Each structure stands twice: as C-alpha cells, then as structure tokens.
Trainee: 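Before anything else, here's the structure in question.
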Amino acid sequence: MASQTVTLDVRNPRTGQADHTISVSSRDEVAAKAARLRENQRVWEAMGVAERCGIMARWLGEVKKSAMAIGEADAVDTGGCHTSYIQGFITMGNIGGWLEDAPKAFADLEWQGMSSSMPTVEVESQVVAYPVTGVISPWNAPLMLALLDAIPALFAGSAVLLKPSEVTPRVIEALFETVRAVPELAAVFDYVTGPGDVGQAVIAQSDTICFTGSVPTGRKVAVACAERLIPCNLELGGKDPCIVTASADLERAATAVLRGAVYATGQVCYSIERVYVQEEVHDEFVALLAEKAQEVRLNSDNPRAGHIGPFTFAPQAEIVQRHIADAVAKGATVVTGGEVEDIAGGLYLRPTVLTGVTHEMEIMQDETFGPCIPVMSYGDEEEAIRLANDTHFGLTASVIAGSAEEAKAIGKRINAGGIFLQDTFLTFAKLRTFGSDSFGWSGYGAPRIGPESLRRFLRRKSLLTQTGPVADIRNDHHLGEGK
Ligand code: NAD
C-alpha cells in the first residue's frame, strides 16, 4: 500500500489564517534526495571552481529575473515590510560576491612544494568538498539564512540539501523556481520540507551540517551530529547588549538603539536586546528613545508602508508578552508600548521601552526576539562591561560613546563576535571581508562570512611523493639500535 502524504498547514502572519500547505517529506524521500545529490556531486566537484562559477552566474541571472517575485513571497511568509522586498537583491549580492571571491579563495587554499621536514618529499596539499552539506534554517530572514551557508557550500563543490523552516516555506518555493531553471545546479541543490524530524532526517544523510536557529534546537542538532561524528556549524541566538556612555551624543544613540532593537520587529539574531546607559544621562536617553519609538508605524494597513510588521511566528508573540509580564511583575516600568495587538488576525507589538529592569528578569537573560528595549542604568565603565558580559550569549554588542576611541576601548572588553561602535546593526559591513566567531551559546564553527567560510565545506588532503631513496628499516639509525 502506498504511504499517504502528510501535509502541514502554514499560517499567514498578516491574517492569522492558514492559507498555504506543505507536504512533509518522509525519511525515504529525504534519503532518496540525498542519494541523488551525492551521485551528482562528483561531477559538480570535478568540474572545478571556474566552471561552477559559470553555472552560478547563470543562476544569478535567473534570480535577477525573479527578484520581485521572491520578495513578494518573502513578504507573505514573514508579514512583509521593506526588508522582505529586498531579499531577492540580497541573494544576488551573495551569489555575485562569491563569483568574484571564490576563484581566489580556492587558489589560496591549494599548495605544492617540497617538505621542510623531509626535503626529498614533495607535498601537494589539495582541498576536497564534503559531498553533501545539510542546511537547516529558521523562519526569520528565511531566504537569507537558507542561503548564507548554501551558496558558499555550492561554490566549494558540495551538494546542498536544505531543510527550511516549516513556518516560512513560500519564499523557498519561489527560490527553487530559479534553481530549476539551471539544470546543472538543480542536480546538486535541493530541499525537503517539514518540521524538526525532517531536520533530523537531513542530519542522518549529510556529511556536514550548517544550522541556524534557537539554542534548544541547536543542542539537539549538535547531539545528532556528534552521534554520527560529522561536523556542524551552529548559528544560534543572541541577547545582544548596547552600552551608551555619559559622553555619547544621545540623539544619535537613541536613533541607533531604536533601529537596532526593533528592525524587522526585533526578529533578528543580532537585535539589541539590552541597553545599559550611564546613570547621569539615563532619563534624558529614555525620554528621547520613547519619543522616537512612538513615531514607529506598523505596516498593518499596507505591507509596503510602515516600519515594522507583525510577528512572523505566532508563538513568538506569546514569548515576548511573557517576558514583558515577568519584568513588570518584578518591578519594571513600561514607558511605551507593552501590549501585543491583534489587528485583522496579525499579531503586532509597538516598540516597547522598559526601565527599572534587573538581571533577575527573563527579559534581560533569555532571547526575547521582539521589539522590546529594556534600559538599565549603570555607574562606572567597569559595571557596564560586567553587565554586558553577564550573559550566556555572545553574538554581537554595540557601544556608543563620546568618541570612537572611547567606544573601542570598551568594545574590546566585551565577549562577543561582532562589536559595533558608534552605531548598531553593522553586521552587513563584514560581508566579503571577514566574518566573526560566536561566543558562548551563540554558536560555534568557523565564520560564515568572508574567505574562511568557504573552508568549512572543504577537507584538506595531502599527497606526499618520495622523490629520493626510500628508507631501509635495517639501516634506520632513528630506531636507536646500535647507538
Ligand atoms: P528553531 O530552532 O525553532 O528552528 C530552526 C530550524 O530547525 C527549523 O527549520 C526547524 O524546523 C528545525 N528543527 C526544529 N527541531 C529540530 C530538530 N530536533 N532537529 C533538527 N532540526 C530541527 O529556530 P526558529 O524559531 O526557526 O528561528 C529563530 C531562532 O534562530 C532565534 O533563536 C534566533 O536567534 C536564531 N537565529 C540565529 C542566527 C545567527 O546567525 N546566529 C540568525 C538568525 C536566527
């Protein structure tokens, strides 16, 4: 008897209605797709980086033709806002950047010469790709985070099996229209759909894993990879702090903090989630921040207008409301915002500024992932640094001070991979230059940006050729006999 297809309804974040359905890939389907990719990967890797670049350039052309449609699909998946409509163009930038960078990155990785320890031995150091890279991605920035690892993996010569979030599948469907238009790419790039157990099935079939998502799921992924003894790269959450010193330009600081905290409804891994302000300027800063926060408009009337959209994932609204309630119950004050609103089925929260917060509150400890800005005052610089470092996480941090030098001196002492000085949200400045590591619970693995990120998909192999006489064990003085 043929097995029945299991389906999953997908909610629309603007209406609250389930208006889309996906089928859940069975373990057999995942295995069959992985086997097809594994078979085709041999040709993909053997063709070399120059030929792969030609194919990826054709894909870039297809993405360009569909960039608007991809943006529309992203907007339906996530609830819209200006960030959605640029996703197709961000993908083009990602592919285009690797088209320029991959050939040189590869050339720098390979080496041939004579051994320095055994001068008659010639060494050829080669890199070979992991055959199948499994990518498991989240519902926030669903296209960008599905591709940030997949694109360099493909350039490296790996085949990619993607398991996108079941919460935001529409944009991936639009993307794969472009992949199918390039048959050589479709041969090595495929996706499967469904919830967490489909992610586990991908791990069971892959040679290396790139996971982006929450800390609890990241732990499960790490355990499953450890059982199979395959490497994994984990990009997890954050609880990113911003320090504002007494000497800072407070207008600038309030503007930068607001954007860094509420952009994309705060559903960004490197959103500002905690703000520490020197006590002398605390009240003035909070007044400026609240005034600016009240000017932020929802996009409930028109997805293309307004500054922030609804929560993409309904349970996230409950988590955020719970963090606010916990803070208030423990003595915090809501200065502005604070209540999730149901507007025509979409769940919205206006930028929410809280004061009187402490590190005993969930909102200062756990990832909130919403447009909340808890502000705490500090006395001296040592206290600010201690508070910023009082976290399990370490993704990014920001410092806004009277001068760049003052900000840098503080930033150097914060335990996080990306430190933004005199502004917030500077992650994109790292693209194509150098990435950064994640500290603590924010993840592990090599940086996913810049030349080092390609290396994650490659294993080094050494070919050692003896060009001189071979050693004779009967005459081998190293063994010590006769000494
Ligand atoms: P999530 O952990 O719930 O899910 C992520 C993906 O894992 C989804 O595709 C999901 O289906 C899959 N999954 C769930 N259970 C699984 C299991 N047991 N085995 C394998 N796969 C499983 O995360 P989310 O809620 O979709 O995304 C939001 C989280 O992602 C936030 O914590 C955010 O901070 C984090 N994030 C991190 C970064 C980063 O670069 N550090 C970037 C964006 C988002």
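Whatever order the structure lists ligands and atoms in, that order sets their numbers, starting from 1. Hydrogens, waters and symmetry mates are skipped; everything else that's a heavy atom, side chains included, is used. In this chain, residues are counted from 1 in sequence order. These numbers come from a predicted model, not from an experiment.
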Trainee: Hey, is the main chain of F369 close enough, under 3.5 Å, to the side chain of E273 for a donor-acceptor pair?
Mentor: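 Pair found, side chain donor or acceptor close to backbone of F369.
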Trainee: Can you classify the ring geometry of F176 versus F189 as parallel (below 30°), tilted (30 to 60°) or perpendicular (above 60°)?
Mentor: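 Tilted, since the angle between the ring planes falls between 30° and 60°.
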Trainee: Work out whether the distance between some heavy atom of F211 and some atom of ligand 1 is less than 4.0 Å.
Mentor: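 Judged by the 4.0 Å heavy-atom criterion, F211 does count as contacting ligand 1.
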Trainee: Taking the side chain as everything from C-beta on, heavy atoms only, tell me whether R52 gets closer than 4.5 Å to F106.
Mentor: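 R52 vs F106: side chains touch.
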Trainee: Check each atom of ligand 1 against the heavy atoms of Q200 and keep those under 4.0 Å away; list them by number with element.
Mentor: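 Contacts of ligand 1 toward Q200, numbered from 1: 17 (C), 18 (N), 19 (N), 20 (C).
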Trainee: Parallel under 30°, tilted from 30 to 60°, perpendicular over 60°: which one fits the rings of W441 and F393?
Mentor: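 Ring orientation, 0 to 90° scale: perpendicular.
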Trainee: What atoms of ligand 1 come closer than 4.0 angstrom to any heavy atom of E166?
Mentor: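 This gives 10 (C), 11 (O) as the contact atoms.
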Trainee: Over 60° means perpendicular and under 30° means parallel, so tell me whether Y270 and F425 are parallel, tilted or perpendicular.
Mentor: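 It falls in the tilted class, 30° to 60°.
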Trainee: Do the side chains of E72 and R304 get close enough for a salt bridge, i.e. N-O under 4.0 angstrom?
Mentor: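 Between R304 and E72 there is a salt bridge, with a charged N closer than 4.0 Å to a carboxylate O.
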Trainee: Which atoms of ligand 1 sit under 4.0 Å from any heavy atom of S165?
Mentor: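 Per the distance check, 9 (O).
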Trainee: Do ligand 1 and K220 have nitrogen or oxygen atoms that lie under 3.5 Å from each other?
Mentor: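 By distance alone, the answer is no.
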Trainee: Would you mind checking which non-hydrogen protein atom is closest to atom 15 (N) of ligand 1, with the distance to 0.1 Å?
Mentor: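 Result for atom 15 (N) of ligand 1: T217 CG2, 3.3 Å.
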Trainee: Does G218 reach ligand 1, in the sense of a heavy atom lying below 4.0 Å from it?
Mentor: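 Not so, G218 does not reach ligand 1.
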Trainee: So for ligand 1, is T212 a polar contact partner (N or O within less than 3.5 Å, distance only)?
Mentor: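 Such a contact does not occur with ligand 1.
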Trainee: When only distance counts, is G194 in polar contact with ligand 1, meaning an N/O pair under 3.5 Å?
Mentor: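 Looking only at distances, the answer is no, because the N/O contact criterion of under 3.5 Å is not met.
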Trainee: Among all protein heavy atoms, pick out the one at the shortest distance from atom 42 (C) of ligand 1; state its residue, atom name and that distance to 0.1 Å.
Mentor: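 Ranking protein heavy atoms by distance from atom 42 (C) of ligand 1, first comes C269 SG, 3.0 Å.
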Trainee: Look at ligand 1 and say whether R448 reaches it with a heavy atom at a distance under 4.0 Å.
Mentor: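 The answer is yes, since R448 has a heavy atom less than 4.0 Å from ligand 1.
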Trainee: Can you sort out which atoms of ligand 1 are near E235, meaning under 4.0 Å from one of its heavy atoms?
Mentor: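 In order of numbering, the contacting atoms are 37 (C), 38 (C), 39 (C), 40 (O), 41 (N).
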Trainee: Non-hydrogen atoms of S137 versus ligand 1: any pair closer than 4.0 Å?
Mentor: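 Under 4.0 Å: yes for S137.
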Trainee: Backbone, side chain, both or neither: what part of A224 comes under 4.0 angstrom of ligand 1, heavy atoms only?
Mentor: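 Neither; no heavy atom under 4.0 Å.
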Trainee: Ignoring hydrogens and geometry, is there a side-chain-to-backbone donor-acceptor pair from R413 to I410 under 3.5 Å?
Mentor: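 Checked: no pair found.
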Trainee: Does D197 pair with R27 as a salt bridge, N-O distance under 4.0 Å?
Mentor: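 Looking at R27 together with D197, the answer is no, because their closest N to O distance does not fall below 4.0 Å.
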Trainee: Assess the pair H359 and Y378: is the distance between their ring centroids shorter than 6.0 Å?
Mentor: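 Ring centroids of H359 and Y378 are no less than 6.0 Å from each other.
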Trainee: Counting only nitrogen or oxygen atoms and a 3.5 angstrom limit, does E367 reach ligand 1?
Mentor: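 It does: an N or O of E367 is found under 3.5 Å from an N or O of ligand 1.
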Trainee: What is the nearest protein non-hydrogen atom to atom 35 (C) of ligand 1, stated with its residue, atom name and distance?
Mentor: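 Nearest protein contact, heavy atoms only, for atom 35 (C) of ligand 1 is G213 O, 3.1 Å.
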Trainee: Around atom 27 (O) of ligand 1, find the nearest protein heavy atom and jot down its residue, atom name and distance.
Mentor: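 Checked against all protein heavy atoms, atom 27 (O) of ligand 1 sits closest to P138 CB, 3.1 Å.
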Trainee: Could you measure the distance from the CG atom of N302 to the SG atom of C81? Nearest 0.5 Å is fine.
Mentor: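 One finds 9.5 Å between CG of N302 and SG of C81.
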Trainee: Quick one: which ligand 1 atoms are inside 4.0 Å of a heavy atom on L145?
Mentor: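 It comes down to these atoms of ligand 1: 42 (C), 43 (C).
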Trainee: Hey, does I419 have a side-chain heavy atom less than 4.5 Å from the side chain of L421?
Mentor: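 SC-SC contact between L421 and I419 confirmed.
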Trainee: Starting from the C-alpha separation in whole Å, work towards a yes-or-no answer on salt bridge (Lys or Arg N to Asp or Glu O under 4.0 Å) for R259 and D423.
Mentor: CA-CA 10 Å; R259 180 166 184 271; D423 200 352; 5.9 Å; no
Trainee: Identify the protein heavy atom lying closest to atom 20 (C) of ligand 1, giving its residue, its atom name and the separation to 0.1 Å.
Mentor: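 Sorting protein heavy atoms by distance from atom 20 (C) of ligand 1 puts G196 O, 3.6 Å first.
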Trainee: Report the residue from R180, K163, R36 that forms a salt bridge (Lys or Arg N to Asp or Glu O under 4.0 Å) with D190.
Mentor: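 Exactly one option meets the salt bridge (Lys or Arg N to Asp or Glu O under 4.0 Å) with D190, and it is R36.
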Trainee: Distance to 0.1 Å, residue and atom name: give those for the protein heavy atom nearest to atom 1 (P) of ligand 1.
Mentor: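 Looking only at protein heavy atoms, the one closest to atom 1 (P) of ligand 1 is S214 OG, 3.6 Å.
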Trainee: Using a 3.5 Å cut-off on N or O atoms only, is L236 in polar contact with ligand 1?
Mentor: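 Min N/O separation from ligand 1 is below 3.5 Å for L236.
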Trainee: Number the atoms of ligand 1 from 1 as they appear, then name those within less than 4.0 Å of a heavy atom of K163, with their elements.
Mentor: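 Answer for ligand 1: 8 (C), 9 (O), 10 (C), 11 (O).
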Trainee: Kindly say whether K239 contributes a backbone atom to a donor-acceptor pair with the side chain of R274 at under 3.5 angstrom?
Mentor: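 A pair under 3.5 Å: yes.
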Trainee: Of all the atoms in ligand 1, which lie at a distance below 4.0 Å from a heavy atom belonging to P164?
Mentor: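 Result: 9 (O).
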Trainee: What's the separation between atom CG in L175 and atom CD in E62, rounded to the nearest 0.5 Å?
Mentor: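 Going from the CG atom of L175 to the CD atom of E62 covers 11.5 Å.
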Trainee: Report the nearest protein non-hydrogen atom to atom 12 (C) of ligand 1: residue, atom name, distance rounded to 0.1 Å.
Mentor: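 Atom 12 (C) of ligand 1 sits closest to the protein heavy atom I136 CG2, 3.7 Å.
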Trainee: Out of W441, W139, F369, Y270, who is nearest to atom 33 (C) of ligand 1 when you count heavy atoms only?
Mentor: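 The residue whose heavy atom sits nearest atom 33 (C) of ligand 1 is F369.
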Trainee: Tell me the protein heavy atom at minimum distance from atom 44 (C) of ligand 1, and give that distance in Å.
Mentor: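 Ranked first by proximity to atom 44 (C) of ligand 1 is N140 OD1, 3.1 Å.
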Trainee: Looking only at atom types and distance, does a side-chain atom of R38 sit under 3.5 Å from a main-chain N or O of Q205, one as donor and one as acceptor?
Mentor: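 Yes, because the side chain of R38 sits within donor-acceptor range (under 3.5 Å) of the backbone of Q205.
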Trainee: If the cut-off is 4.0 Å to any non-hydrogen atom of V221, which atoms of ligand 1 fall inside it?
Mentor: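 Those of ligand 1 that fall under 4.0 Å from V221 are 20 (C).
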